[in-house]
Number of protein chains: 2
Amino acid sequence: MGNGKPPHNATIRDVARLAGVSVATVSRAVNGHPSVSPDTRDRINRVAESLNYTPHAGARSLSIAKTQAIGVVLPDLFGEFFSELVRGLDRRAGELGYHLMLSSLHADLARVTRAVSTMRGRVDGVIIMAPQLPVKTLAATLPAGMPTLLLNSERNRTHPVISFDNQSGAVAVTRHLIGLGRRHIVHIAGPAGNLDARERADGYRRAMAEFAPDAPVTVVEGRFDDLSGAAALRDLLAAGTQVDAVFAANDMMAIGALTWARQNGLSVPGQIAVAGFDDIPLAHYLGLTTMRVHVAELGGRAVTRLAAMIDGDDAGKKLEIITPDLVIRESTRQ
Amino acid sequence: MGNGKPPHNATIRDVARLAGVSVATVSRAVNGHPSVSPDTRDRINRVAESLNYTPHAGARSLSIAKTQAIGVVLPDLFGEFFSELVRGLDRRAGELGYHLMLSSLHADLARVTRAVSTMRGRVDGVIIMAPQLPVKTLAATLPAGMPTLLLNSERNRTHPVISFDNQSGAVAVTRHLIGLGRRHIVHIAGPAGNLDARERADGYRRAMAEFAPDAPVTVVEGRFDDLSGAAALRDLLAAGTQVDAVFAANDMMAIGALTWARQNGLSVPGQIAVAGFDDIPLAHYLGLTTMRVHVAELGGRAVTRLAAMIDGDDAGKKLEIITPDLVIRESTRQ
DNA sequence: TTGTAGGCGTTATCAC
DNA sequence: GTGATAACGCCTACAA
């Protein structure tokens, strides 16, 4: 390990030579091809084992033009959202016999493009999550002929996309808060430019306009993390804004706001009801009302779909939408 | 995307032909080799762009015998531990110009071995976390000559390993609980066979023997998830065991126990103090005392070290230990 | 500065 | 059933 005895790894040729057969036969034996006599097969297996021979996957994929790997390019996602997504991707990939080539922490177009480019030839297709980039721009810079599936990108008829129904999810949450009798409902949105954030804010506005037309509409911007959620609520109150409910664009910000409120003597949900979006495990423990988005399922479906695209049987429809469910917990139970 | 115009991706040969030069020159131009006249370089770049040419990384790595990718094989880790680890790995990998080939959910030897085998030829080395497998067994089945770094495996002078100092961490937690005046301290251990679990249990026993020799020692087994933590505490109390403190082998189980206790009318830390291990973000929010293990740092260091091994300058020492810190929060603050 | 040609480790198409 | 041998796409001496 790290200093194995043979400075040079055994190749198919080494096995062939020692077994006294041709490389073609070794290849057949190793891949379980039927037309190899039991005798030769045994001999080859023995030699292979003694040499600790492992086929070179890179060479193999170059030869058969198939890597059995899929690339995954992600932005800098938060804790459990990230792990759930990757878990979903990895599980399904494993089931389908694919490896996962991961590249996260990619924000801007250049990084995403570079990540995908360097993957060409080592993956059969890629799954990209870049909610901050316009599909057109993105598509224009990707390697031609590489099956690509977009996660949580703008709906669009030209490229395969899977995403959450953010807007109707946000409508459901907001409507729930309105149903509680709250009127001073503020929305802590995600970063400007982020599509999910924008769609959720749109849902909030739509619901307010429809179900509480006379109530004030207040949107402030956060950065999807807990600190910015806390800061947003603090600033609003400091500015004298009346608040009896908070709908944050994701759970982490909601948790920041919720925690801050309690630490500053405000009762939740008594004085302020709080709701988030995502349903990360933390939400369960803190009793946070939220929209459950089934992140792992998203990952699994993405892999399934991409695999189909790779195999050439890309189902007709480009757009696939996953509907989130409202989960009511203590933070809005009065 | 998924249906690009050219059914066949452009290769270096296509570029060469259209630019009226040899493939060698294109290769040099693409790789920024100095000895290419500005004219030719320009022409080549233009053609490459027009063809949307992206080098085939697989072929390239076969040729230069370097993939710029590292494999990561993990067991089925829980939420934030997983995400923090992968984040740390990925960040450092990105900095060093490596891709990450991920394969998680691997429990038994066969799976781990297979995962690593199928990675040969597509990665330059692997990082393996398999706390349930003996190093000797594992090492025997790995492809020869593949740089390998083990995470949280048994200490050992023959193979490079990075791991937490589980035992002294457990001693610190237990000692803290004893210092609180608690005497009926139970330990909810991880799955038998898991090395981290075993070391932490050992630390608990050692601390009890040394600092509270007359107090009862109670160890029950959990599965590292919240439900088993809750069940463990419930069963202990149902059996009439006296309990005034719980030290769980990881945070998820501690959280399960803590939540169960509160839901069943037991005050924490009043009647029962609770402590965990890992310091996942959730612990912060629930005020759980725990050992902080800097998971992301572990990942980063692992990549750094493996990269060094790949480059052949493997530092002398095989074993690298990361010491965790005690973080005291409400769950043991009286 | 540029081209020729061999090789990286496998697979697959032919023959035999 | 087995063996040559030509790909796969790229890199790199070695020549020119």
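Here is how names work: the chains are called A, B, and so on, in the same order as the sequence lines, proteins then strands, and each is numbered from 1.
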> Go nucleotide by nucleotide along DNA chain C from the 5' end; which of Gly20(B) and Ala59(B) gets its closest nucleotide reached first?
Gly20(B)
> Nearest of dT10(C), dG9(D), dT4(C) to any side-chain atom of His56(A)?
dT10(C)
> Just the rounded figure in Å: distance from C1' of dG3(D) to CZ of Arg13(A).
14 Å
> Does dA7(D) have OP1 or OP2 under 4.0 Å away from a side-chain N or O of Ser63(A)?
no
> OP1 or OP2 of dG9(C) sitting under 4.0 Å from any side-chain N/O of Arg60(A)?
no
> Can any side-chain N or O of Asn31(A) pair as donor or acceptor with the backbone N or O of Ser27(A) at less than 3.5 Å?
yes
> Starting at CZ of Arg28(A) and ending at C1' of dT10(C), how long is that distance when rounded to a whole Å?
13 Å
> Please check the phosphate of dA12(C) (OP1 and OP2 only) for any side-chain N or O of Ser27(A) closer than 4.0 Å.
no
> Can you check whether Ser22(B) has a side-chain N or O nearer than 4.0 Å to OP1 or OP2 of dT4(C)?
no
> Without decimals, in angstroms, what is the distance between Asp124(A) CG and dC8(D) P?
17 Å
> Does a donor on one side chain sit under 3.5 Å from an acceptor on the other, for Ser163(B) and Arg155(B)?
yes
> Would you say Ser37(A) reaches dG1(D)'s phosphate, i.e. side-chain N/O to OP1/OP2 under 4.0 Å?
no
> Under 4.0 Å between a side-chain N/O of Tyr53(A) and OP1 or OP2 of dT10(C), yes or no?
yes
> For Leu51(B) and dG9(D), give me the distance from atom CG to atom C1', rounded to whole Å.
15 Å
> How close or far is atom P of dT2(C) from atom CG of Asp39(B), stated in whole angstroms?
8 Å
> Rounded to the Å, how far apart are Lys66(B) NZ and dG9(D) P?
23 Å
> Could you tell me whether Ser35(A) contacts a base, only the sugar-phosphate backbone, or nothing, with contacts defined as non-hydrogen atoms closer than 4.0 Å?
base
> Expressed as a whole number of angstroms, how long is the span from Leu62(B):CG to dC11(D):P?
11 Å
> Touch check for Ile64(B), heavy atoms < 4.0 angstrom, all strands: base, sugar-phosphate only, or nothing?
sugar-phosphate
> Spell out yes or no: do the side chain of Arg120(B) and the base of dG9(C) have one donor N/O and one acceptor N/O closer than 3.5 Å?
no
> Side chains of Ser37(A) and Asp39(A): donor-acceptor distance under 3.5 Å anywhere?
no
> Do the side-chain N or O atoms of Thr40(A) get closer than 4.0 angstrom to the phosphate oxygens (OP1, OP2) of dT2(D)?
yes
> Taking atom CG of Asn152(A) and atom CG of Asp196(A), what is their separation to the nearest 0.5 Å?
4.0 Å
> Rounded to the Å, how far apart are His33(B) NE2 and dC14(D) C1'?
13 Å
> Do Arg87(B) and Asp90(B) meet the salt-bridge criterion of a basic N to acidic O distance under 4.0 Å?
no
> Would the distance check show the side chain of Asp124(B) and the main-chain N or O of Ile310(B) forming a donor-acceptor pair, the cut-off being under 3.5 Å?
no
> Look at all strands and tell whether Ala24(A) reaches a base, only sugar-phosphate, or nothing, counting heavy atoms closer than 4.0 Å.
base
